[in-house]
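Working notes, structure below.
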Amino acid sequence: MSGNYPATGRGQDLLDLFDELYRKTPRPGAPPLPIVVLVDGVNGPAALDQVQQWCQRAEPYRLICVRIDLAPDDTRTTRELLKTLYSKLVNYGSHPQFGSLKFPRYQLGEWMTELTLLSTNAEEQLAEIRRLLCRRKDVEDVIRPFNEITSVTHLILNLLPWVNERLLRLALARRGLLRRSIWTPAIDWYEDQEQKAGLAKITHIVRYVNQQAQEDHPAAVAEVDRRLMRAFLEDLRAAYDPARVRRATPRTTNCVVLLGGVDHGAGRDLLRLLAEERLACADGGGLPDPLLVLAASRRPLPVEAPAAWLPRPANEHAASWLAAWRERFDRAGSRRGGSGSTGPRAGPGRSRHT
């Protein structure tokens, strides 16, 4: 399809790879998408321009495509870059094929990190978190789509505000349809994720994440970043999973993210974090996320994967690059006893597959 639009040099290299990757493959256990990094300090931005133009002109529908360019003096952290990416995707607008993307898990996680708790006592903090969670939602907003007599509902909730509070507290304490209707599946997902760590209740999870987010220790910062990336990718997987989202069926292409200057600021850390979370999901046989990342860098990024994972294909054709990458993925997965790896991988000549 990229042949429909003129491209030259490395822009054509990138478009050739793009042709192989932009269609979604939502099969559990399927190889995750590689992260493609074009190493070219002069022509990299122009190559991203060509891909961006193709996405905008694609037929019958344009592709969802967002772009972030990092400057040498970029001071954003990994968490801030992820938030920028989320903002661009959620504000992309309604797509004729996709509709609007929603990120309930990521939004709840970001809310946890930005929360300011007034209490210092542990039990008082848990009670405060419970109240704050209830304030994020209003029972009337949930009842309105299902109740034709909304004026009566509004009157009751205004005359008896304790009904609103009691219903929210009751729903928050127990899993079920009511809680999922009010808060989406985000709370259930966090409780499932944190059970092994002994954090079975959402109030304890919020308190723990909030405390970590206030720390400057690198390990705590990395853990919060990892949790937010995991939530962000799970929201995207859910958006493409027909078993969870009815509108997922017509979503036939991946979301395209163009990153310029990834050797600046926290760009490399963002790619590493994405690769680590893809590795963890692949080992568990989960659904691959639909985020197609094409990046440009002025200089090669450090390759930290074991050398045995880095044989080079014999030529520079996009199909051969991709076939060799998938073969390495399967081979590495069988050696490790998992499904595969998304660790950084060197491609031939002008591109690297991560």
Side-chain angles (χ1 to χ4, degrees), residues 2 10-11 13-26 30-40 44-45 47-52 54-55 63-70 74 76 78 81-89 92 101 103 106 225-226 228-230 232-237 239-240 253-282 287-297 300-301 303-305 318 321-322 325-326 329 340-347 350-354:
S2 62
R10 303 189 178 186
D13 289 340
L14 212 55
L15 283 172
D16 288 343
L17 274 170
F18 180 76
D19 264 352
E20 300 285 339
L21 297 169
Y22 78 90
R23 300 172 188 87
K24 74 171 183 177
T25 53
L33 287 167
I35 302 168
V36 181
V37 180
L38 179 65
V39 182
D40 189 329
L48 294 185
D49 289 342
Q50 290 177 328
V51 176
Q52 189 171 18
W54 190 95
C55 291
L63 271 64
I64 287 187
C65 177
V66 298
R67 181 167 177 173
I68 300 174
D69 289 296
L70 284 80
D74 199 298
R76 284 175 290 185
T78 305
L81 275 181
L82 180 58
K83 188 172 184 178
T84 300
L85 177 55
Y86 150 76
S87 298
K88 286 180 174 290
L89 284 172
Y92 190 83
L101 294 172
F103 295 86
Y106 174 82
D225 291 349
R226 191 174 299 112
L228 289 173
M229 175 64 81
R230 189 176 305 136
F232 175 78
L233 294 178
E234 185 61 22
D235 282 330
L236 283 172
R237 293 187 194 102
Y240 276 69
T253 57
N254 293 307
C255 295
V256 181
V257 175
L258 306 177
L259 296 176
V262 290
D263 51 323
H264 300 314
R268 186 182 67 181
D269 293 334
L270 182 71
L271 295 187
R272 182 189 295 115
L273 183 60
L274 173 60
E276 289 174 355
E277 287 307 310
R278 283 183 169 170
L279 171 61
C281 180
L287 194 70
D289 69 81
L291 201 66
L292 174 54
V293 177
L294 307 177
S297 174
L301 302 181
V303 174
E304 300 173 358
W321 284 345
L322 191 59
W325 176 81
R326 285 174 174 159
F329 176 86
S341 167
T342 56
R345 286 168 165 67
R350 289 173 289 188
S351 296
R352 300 178 80 111
H353 308 258
T354 306

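Heads up: numbering here begins at 1 and tracks the sequence.
In plain terms, the two heavy atoms of A295 and V262 that are nearest each other are CB-CG1, 3.7 Å. Between G260 and D69, the closest heavy-atom pair is CA-OD1, 3.4 Å. Across every non-hydrogen atom of L292 and P34, the tightest pair is CD1-O, 4.5 Å. Here the closest heavy-atom approach between residue A266 and residue L70 is recorded as N-CD2, 4.2 Å.
Interatomic distance, CG of L85 versus NZ of K88, reported as 9.0 Å (0.5 Å rounding). Summarising the geometry, atom CZ belonging to F232 is positioned 8.5 Å from atom CG belonging to D289; distances are rounded to the nearest 0.5 Å. Atom CG of L89 and atom SG of C65 lie 10.0 Å apart (nearest 0.5 Å). If you take CG on L271 and CG on L81, they are separated by 9.5 Å, rounding to the nearest 0.5 Å. Separating the CG atom in L274 from the CG atom in L279 is a distance of 11.5 Å, to the nearest 0.5 Å. The distance from atom OG1 of T78 to atom CE of M229, rounded to the nearest 0.5 Å, is 8.5 Å.
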request  = Starting from the C-alpha separation in whole Å, work towards a yes-or-no answer on side chain to side chain contact (heavy atoms under 4.5 Å, CB included) for V293 and L259.
outcome  = CA-CA 7 Å; V293 177; L259 296 176; 3.9 Å; yes
request  = Start with the C-alpha gap between Y22 and C55, add the side-chain angles, then the distance that decides, and say whether side chain to side chain contact (heavy atoms under 4.5 Å, CB included) holds.
outcome  = CA-CA 10 Å; Y22 78 90; C55 291; over 6 Å; no
Trace of the side chain to side chain contact (heavy atoms under 4.5 Å, CB included) decision for F18 with V36 = CA-CA 9 Å; F18 180 76; V36 181; over 6 Å; no
inquiry  = Does R76 form a side chain to side chain contact (heavy atoms under 4.5 Å, CB included) with L270? I'd like the steps, not just the answer.
reply    = CA-CA 11 Å; R76 284 175 290 185; L270 182 71; over 6 Å; no
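The closest donor-acceptor contact from the side chain of D235 to the backbone of Y106 lies under 3.5 Å. For the pair N254 (side chain) and L291 (backbone), a donor-acceptor distance under 3.5 Å is absent.
Proximity of D263 to R268: side-chain heavy atoms (C-beta onward) are nowhere separated by under 4.5 Å. Residues V256 and Q52 form no side-chain contact, since every pair of their non-hydrogen atoms from C-beta on lies 4.5 Å or further apart. Here the side chains of L21 and L33 are in contact, with some heavy-atom distance below 4.5 Å. At least one side-chain heavy atom of I64 sits less than 4.5 Å from a side-chain heavy atom of L101. A heavy-atom distance below 4.5 Å is not found between the side chains of L294 and L38.
Salt-bridge formation is detected for the pair D49/R67: a Lys NZ or Arg NE/NH1/NH2 atom is positioned less than 4.0 Å from an Asp or Glu carboxylate oxygen.
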